[in-house]
Amino acid sequence: MLEQFQPDVITMDINMPKMDGLTCLAHIMERRKTPVIMLSSLTDKGTAATFEALELGAVDFVAKPDGTVSVDLSSVVDDLHRKIRSAFDASASRRTREARGVEANRNAQQETPAQSRRLNLARARAELLLIGSSTGGPGIVQSILEQIRGPFPMPILIAQHMPPKFTTTFAQRLDASCPMDVIEVTEPMPLAAGKVYLAAGGRDVVVNRKFNRIMAEPVPSAPQFPWHPSVSRMVMTALDKIDAKNLIGVMLTGMGDDGSTEMAQIHQRGGVTIAQSEDSSAVFGMPSKLIEKDGATVVLDAEDIPEQMKRWLGMVAPIQRSKY
């Protein structure tokens, strides 16, 4: 029915008779690329299959509450509705831009001297790099980390919206594919330069300073923060312990506005931030809110983010611009 019905969004279980969800997803992406949201079980096998689905092109997933066979999805129906609507809106927006002939104008922010200075601004005293991510983010996070080669002069702390168990599998996959060590924050731990720390799913992560060392600590999720792990809470606590001028914030694809207010404060207080571009985002919610709040130092396609991070940290030569 893919060609006959031409759905705007598809929800699909990974476990299905005859043809499993991963095989079906591969056919969908080949024949008529459509936003797909997977329903996944919380088993080790289910979480691994979920990341395979994301690599094949699924935009997001919802964890089934009762394992492989769930007779009652009422507890996740609101989450499923939000993700369906978000996937539809993003797809509709993309089709509208394509119909109008709007194309990504890559590196447009480098076109003026003032913007060029922001791109080349050195962050010699930077202490922590913060990444916030949601729908469509896992693949982008992995791609960014895979491109960071050589000694990285600061720790990276990531809040990726995910339920429990999924972040354990995600951290393992990142650790296997990325040059840097990737550690899930399941207990209080000091943050070391050249390592990546992933907030544990279903909880939040806060930044603390003890004995003059920057720490990451998992804490129970709080109701005033609607998404978990919360980007807002992560960035808010980082701002309490670290001068904004010594922070770098990266806001990746995702629905909602989690972290946009707090990450805008990094930029407004003298730090630097990156917002992922609309054309490279699965859902342009979180980056767009950061941009709307005048909180983005630069707006970049996903593939350009690693180089910009390294440029700010002096790991690559700055852009040399002609006077003419």
Side-chain angles (χ1 to χ4, degrees), residues 60 79 82-83 86 127-142 144-145 154-164 166-167 170-171 174 182 184-185 191 196-208 214-242 244 247-269 271-277 280-300 302 305 309:
D60 210 340
D79 188 30
R82 283 194 298 270
K83 291 183 176 183
S86 179
E127 292 186 62
L128 182 61
L129 192 150
L130 302 164
I131 297 178
S133 179
S134 185
T135 305
I140 302 299
V141 169
Q142 181 170 337
I144 288 173
L145 297 182
M154 63 195 302
I156 299 174
L157 182 59
I158 303 171
Q160 166 70 55
H161 295 168
M162 273 187 183
F166 284 88
T167 47
F170 188 34
L174 291 176
V182 180
E184 185 184 22
V185 182
L191 301 183
V196 179
Y197 300 86
L198 180 70
R203 290 182 279 178
D204 293 335
V205 66
V206 298
V207 176
N208 212 335
I214 299 298
M215 306 278 296
E217 301 181 2
V219 294
S221 58
Q224 64 265 40
F225 302 101
W227 297 279
H228 306 286
S230 170
V231 181
S232 289
R233 198 172 185 183
M234 176 184 71
V235 178
M236 179 191 305
T237 56
L239 283 165
D240 285 341
K241 303 298 180 181
I242 303 171
L247 290 172
I248 297 175
V250 179
M251 186 69 86
L252 300 180
T253 173
M255 64 181 175
D257 61 356
D258 186 23
S260 59
T261 298
E262 294 76 16
M263 205 168 280
Q265 291 177 19
I266 293 178
H267 170 72
Q268 292 157 8
R269 296 183 193 178
V272 289
T273 58
I274 298 171
Q276 185 178 345
S277 68
S280 67
S281 295
V283 178
F284 192 50
M286 288 160 53
S288 72
K289 293 300 181 183
L290 180 62
I291 295 167
E292 288 175 12
K293 294 172 182 177
D294 191 28
T297 307
V298 291
V299 180
L300 296 173
I305 292 174
M309 289 162 44

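All heavy atoms count here, side chains included; hydrogens, waters and symmetry mates do not. Predicted model only: the values in this text are computed from it and were never measured.
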Counting N and O atoms only, with roles assigned by atom type, does the side chain of S280 sit under 3.5 Å from a partner on the main chain of A302, one being a donor and the other an acceptor? yes

Applying salt bridge (charged side-chain N to carboxylate O under 4.0 Å, His left out), can you list everything that pairs with E184, at least two apart in sequence or on another chain? none

Can you see which heavy atom on A216 is nearest to which on L191, and at what distance? CB-CD2, 3.6 Å

Can you name the nearest heavy-atom pair linking P155 to Y197, along with the distance? CB-CE1, 4.0 Å

Enumerate the residue pairs fulfilling side-chain hydrogen bond (donor to acceptor under 3.5 Å, both in side chains) with a member in residues 215-224, sequence neighbours excluded, ordered by first and then second residue. K210-E217

In Å, rounded to the nearest 0.5 Å, how long is the span from CD1 of I214 to CD of E127? 5.0 Å

Residues passing the salt bridge (charged side-chain N to carboxylate O under 4.0 Å, His left out) test with D60, sequence neighbours excluded, are K83

Give, for atom CG of L145 and atom CD1 of I158, the distance between the pair rounded to the nearest 0.5 Å. 5.0 Å

Is a side-chain N or O of S260 found less than 3.5 angstrom from the main chain of L290, in a donor-acceptor match? no

How close do L239 and A244 get, counting heavy atoms only, and between which atoms? CD2-CB, 3.8 Å

Ignoring hydrogens and angles, tell me if any N or O in the side chain of Q276 forms a donor-acceptor pair with the backbone of G137 under 3.5 Å. no

State, yes or no, whether a side-chain contact exists between I291 and F284 at a heavy-atom distance under 4.5 Å. yes

Approximate separation, where rounding is to 0.5 Å, of I274 CD1 and I305 CD1: 5.5 Å

Those residues that, when tested against R82, pass salt bridge (charged side-chain N to carboxylate O under 4.0 Å, His left out) (two or more places apart): D79

Side chain to side chain donor-acceptor pair (under 3.5 Å) partners of H228, counting only residues at least two apart: D204

Passing option when D258 is tested against S232, P229, S134, S133 for side-chain contact (heavy atoms from CB on, under 4.5 Å): S232

I'd like to check F225 versus M236 (side-chain heavy atoms, cut-off strictly below 4.5 Å). Are they in contact? yes

So which atom in D294 and which in H267 form the shortest heavy-atom distance, rounded to 0.1 Å? O-CD2, 3.1 Å

Suppose we screen for ring-ring contact (aromatic ring centres under 6.0 Å, His included). Which residues come up paired with F170, at least two apart in sequence or across chains? F51

Rounded to the nearest 0.5 Å, what separation is found between the CD atom of Q265 and the NZ atom of K293? 9.5 Å

Scanning both residues in full, the closest heavy-atom pair of S86 with V283 reads OG-CG1, 3.2 Å

Please answer whether the main-chain N or O of V299 pairs with a side-chain N or O of S277 as donor and acceptor at a distance below 3.5 Å. no

Would you mind reporting whether L157 and V207 have side-chain heavy atoms less than 4.5 Å apart? yes

Residues S230 and A159: closest non-hydrogen pair is O-CB, 4.1 Å

With a 4.5 Å limit on heavy-atom distance, are the side chains of I248 and M154 in contact? yes

Side chain T167, main chain G201, donor-acceptor under 3.5 Å: yes

Trace of the side-chain contact (heavy atoms from CB on, under 4.5 Å) decision for V250 with I156: CA-CA 10 Å; V250 179; I156 299 174; over 6 Å; no

To the nearest 0.5 Å, atom CD1 of I266 lies from atom CG of L247 at 5.0 Å

Side chain to side chain, T237 and N208, heavy atoms closer than 4.5 Å: no

To the closest 0.5 Å, what do you measure between OG1 (T135) and CE (M255)? 4.5 Å

Residue pair M251 / T273, side-chain heavy-atom distance below 4.5 Å: no

